Amino acid sequence: QVQLVESGGGLVQAGGSLRLSCVLSGGTLSTYNMGWFRQAPGKEREFRAAINWFGGTTYDADSVKGRFTISRDNAKNTAYLQMNSLKPEDTGVYYCAADRRRIDLRMGDAWGQGTQVTVSA
């Protein structure tokens, strides 16, 4: 059974950067599309970015355009989300998702436990 473990969250000032990591175990990363979602307090989980198993990417353009970059290292079974120019509205719990077929907001064959990102003004 596939398991995902996120890390890299924390507290950062507005304008700062963080890099989130998601390690996949119990499977082979190269056979999954990978995605990142954010859940802000009191709100539903929202799609941020995804990358397919051969490296093509898609983003929630309005919210992260030009600031976030998703990537993957299949040899390390790890996906990443580089977040630059962070804003207070980026605050939330960030979840990693893996899916064999989908690469959009519907993806989610497996989920991680989440990592908290807090951006102070």
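Since we're looking at a predicted model, the values are computed, not measured.
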Item checked: CA sep, side-chain torsions, deciding dist, call: Val2, Leu24, side-chain contact (heavy atoms from CB on, under 4.5 Å) -> CA-CA 7 Å; Val2 168; Leu24 183 150; 3.8 Å; yes
Indicate if [X] and [Y] have the same hydrophobic cluster label, given that clusters are the connected sets of ILVMFWY residues with side-chain heavy-atom separations under 4.5 angstrom.
X      : Y     : answer
Phe47  : Val93 : yes
Ile103 : Tyr32 : no
Ile70  : Leu29 : yes
Trp53  : Leu81 : no

Notebook entry, point to check: Applying the side chain to side chain contact (heavy atoms under 4.5 Å, CB included) test to Trp36, which of Val64, Asp60, Leu20 qualifies?
Noted result: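 When side chain to side chain contact (heavy atoms under 4.5 Å, CB included) is applied between Trp36 and each of Val64, Asp60, Leu20, only Leu20 qualifies.
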Next item on the list: Taking Asp109 for its side chain and Arg101 for its backbone only, find out whether a donor-acceptor pair lies under 3.5 Å.
Entry: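 No.
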With side chains defined as the heavy atoms from C-beta onward, is the minimum distance between [X] and [Y] less than 4.5 Å?
X      : Y      : value
Gln113 : Val5   : yes
Met83  : Val12  : no
Thr31  : Arg100 : yes
Ile51  : Tyr59  : no

Item checked: Residues Gln82, Ser17; criterion side-chain contact (heavy atoms from CB on, under 4.5 Å); working and verdict -> CA-CA 8 Å; Gln82 178 67 44; Ser17 298; 4.0 Å; yes
Checklist line | ring-ring contact (aromatic ring centres under 6.0 Å, His included) involving Trp111 - partner list, sequence neighbours excluded | finding: Phe37
Margin query: Looking at Arg102 and Asp104, is any side-chain nitrogen of the basic one under 4.0 Å from a carboxylate oxygen of the acidic one?
Written below: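 Salt bridge between Asp104 and Arg102, a charged N being under 4.0 Å from a carboxylate O: no.
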Notebook entry, point to check: Between Thr78 and Arg72, does any side-chain donor sit less than 3.5 Å from a side-chain acceptor?
Noted result: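 The criterion, which ignores hydrogens and geometry beyond distance, is not satisfied for Arg72 and Thr78.
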Check: If you look at every heavy atom in Gly108 and Ala97, which pair is closest and at what distance?
Finding: CA-CB, 4.3 Å
Next item on the list: Over all heavy atoms of both residues, which pair between Gly92 and Arg38 is shortest? Give the atoms and the distance, please.
Entry: CA-CG, 4.1 Å
Next item on the list: Apply side-chain contact (heavy atoms from CB on, under 4.5 Å) to Thr91 and Gln116, showing your working.
Entry: CA-CA 8 Å; Thr91 293; Gln116 176 69 45; 4.1 Å; yes
Item checked: CZ-NZ distance between Arg67 and Lys87, expressed to the nearest 0.5 angstrom ->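 Here the interatomic distance stands at 4.5 Å.
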Item checked: Residue pairs passing the ring pair (Phe, Tyr, Trp, His ring centres under 6.0 Å) test where at least one lies in residues 74-106, sequence neighbours excluded ->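 Counting only pairs at least two positions apart or across chains, no ring pair (Phe, Tyr, Trp, His ring centres under 6.0 Å) contact touches residues 74-106.
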Item checked: Trace of the side-chain contact (heavy atoms from CB on, under 4.5 Å) decision for Met34 with Asp99 -> CA-CA 6 Å; Met34 301 298 295; Asp99 199 293; over 6 Å; no
